[in-house]
Amino acid sequence: MAQKIKNIFLAVTAGVAGLINSLIGAGGGILLSLTLPSLAKEAFPDRRDAYINSQAAMIPGCALSCVIYSMRGMLNTVGFSLFAIPAAAGGAIGSFLLSKIKGSVIQTIFAVLVIWSGIRMIWG
């Protein structure tokens, strides 16, 4: 029964993550990255695994949001084109480096980015 409750909570969290990500363009992956290691420790013994899976889980929601925004004329194709290739390149480099960097270092980088982005969102 406890596992069933965890699975329901993870599914609800994933739905909320998709909602948050669609509304503000970020944050959904952070929510999943914080939730997965605590609720699914046996599946993600290394936090890096949770980060990888939270990113993968956000792909369908991000893609669908982009399609809907595009259909509504809200996607700025110039802005998208400026960011898409460098972001893909950074993603490729990061996926290579993740296995080479200690989990504690990744955790620290993640924490600093969450704190910094929170401060930026509050004080703009």
Side-chain angles (χ1 to χ4, degrees):
M1 184 61 141
Q3 187 60 44
K4 192 173 193 175
I5 291 171
K6 280 185 180 181
N7 289 344
I8 291 169
F9 187 74
L10 282 169
V12 169
T13 302
V16 171
L19 175 68
I20 291 169
N21 211 61
S22 181
L23 288 174
I24 62 174
I30 292 170
L31 180 61
L32 290 180
S33 293
L34 295 172
T35 305
L36 288 177
S38 58
L39 290 180
K41 288 179 186 172
E42 60 282 346
F44 305 108
D46 185 338
R47 260 192 193 274
R48 292 176 291 187
D49 296 334
Y51 298 149
I52 293 163
N53 284 276
S54 64
Q55 279 188 324
M58 296 310 300
I59 292 170
C62 289
L64 186 56
S65 293
C66 285
V67 168
I68 293 169
Y69 289 143
S70 180
M71 288 171 44
R72 297 170 91 193
M74 299 169 69
L75 182 66
N76 180 328
T77 54
V78 173
F80 170 78
S81 62
L82 288 172
F83 295 124
I85 293 172
I93 293 167
S95 65
F96 173 76
L97 291 176
L98 185 64
S99 63
K100 310 253 186 267
I101 300 173
K102 286 184 183 180
S104 60
V105 173
I106 299 297
Q107 248 179 296
T108 302
I109 292 168
F110 180 74
V112 168
L113 286 173
V114 168
I115 292 167
W116 177 69
S117 63
I119 291 168
R120 292 282 306 171
M121 300 253 338
I122 291 170
W123 285 297

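Counting begins at 1 with the first residue of the sequence.
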Indicate yes or no: at least one non-hydrogen side-chain atom of [X] is less than 4.5 angstrom from one of [Y].
{"X": "L10", "Y": "L36", "answer": "yes"}
{"X": "F44", "Y": "P37", "answer": "no"}
{"X": "I68", "Y": "R72", "answer": "yes"}

[X]-[Y] co-clustered via ILVMFWY side chain contacts under 4.5 Å:
{"X": "I115", "Y": "L34", "answer": "no"}
{"X": "V114", "Y": "Y51", "answer": "yes"}
{"X": "F96", "Y": "I52", "answer": "yes"}

Could you give the distance from [atom1] ([X]) to [atom2] ([Y]), rounded to the nearest 0.5 Å?
{"X": "L64", "Y": "Y69", "atom1": "CG", "atom2": "OH", "answer": "10.0 Å"}
{"X": "I24", "Y": "L19", "atom1": "CD1", "atom2": "CG", "answer": "9.5 Å"}
{"X": "M58", "Y": "I30", "atom1": "CE", "atom2": "CD1", "answer": "10.0 Å"}
{"X": "L98", "Y": "I93", "atom1": "CG", "atom2": "CD1", "answer": "13.5 Å"}
{"X": "M121", "Y": "I119", "atom1": "CE", "atom2": "CD1", "answer": "12.5 Å"}
{"X": "F110", "Y": "I106", "atom1": "CZ", "atom2": "CD1", "answer": "11.0 Å"}

Restricting to non-hydrogen atoms, name the atom on [X] and the atom on [Y] that form the minimum distance, rounded to 0.1 Å.
{"X": "A92", "Y": "S95", "result": "O-OG, 2.8 Å"}
{"X": "N21", "Y": "G27", "result": "OD1-N, 3.7 Å"}
{"X": "A57", "Y": "L32", "result": "CB-CD1, 3.9 Å"}

Fill in: Pairing residues for D46 by the side chain to side chain contact (heavy atoms under 4.5 Å, CB included) criterion, not counting sequence neighbours
R48, D49
Discussion item. Taking atom CZ as the centre, does F9 end up with more than 12 heavy-atom neighbours from other residues, nucleotides or ligands that are less than 6.0 angstrom away?
Written reply: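 No.
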Practice prompt. May I ask you to decide if G61's main-chain N or O and S65's side chain share a donor-acceptor pair within less than 3.5 Å?
Written response: yes
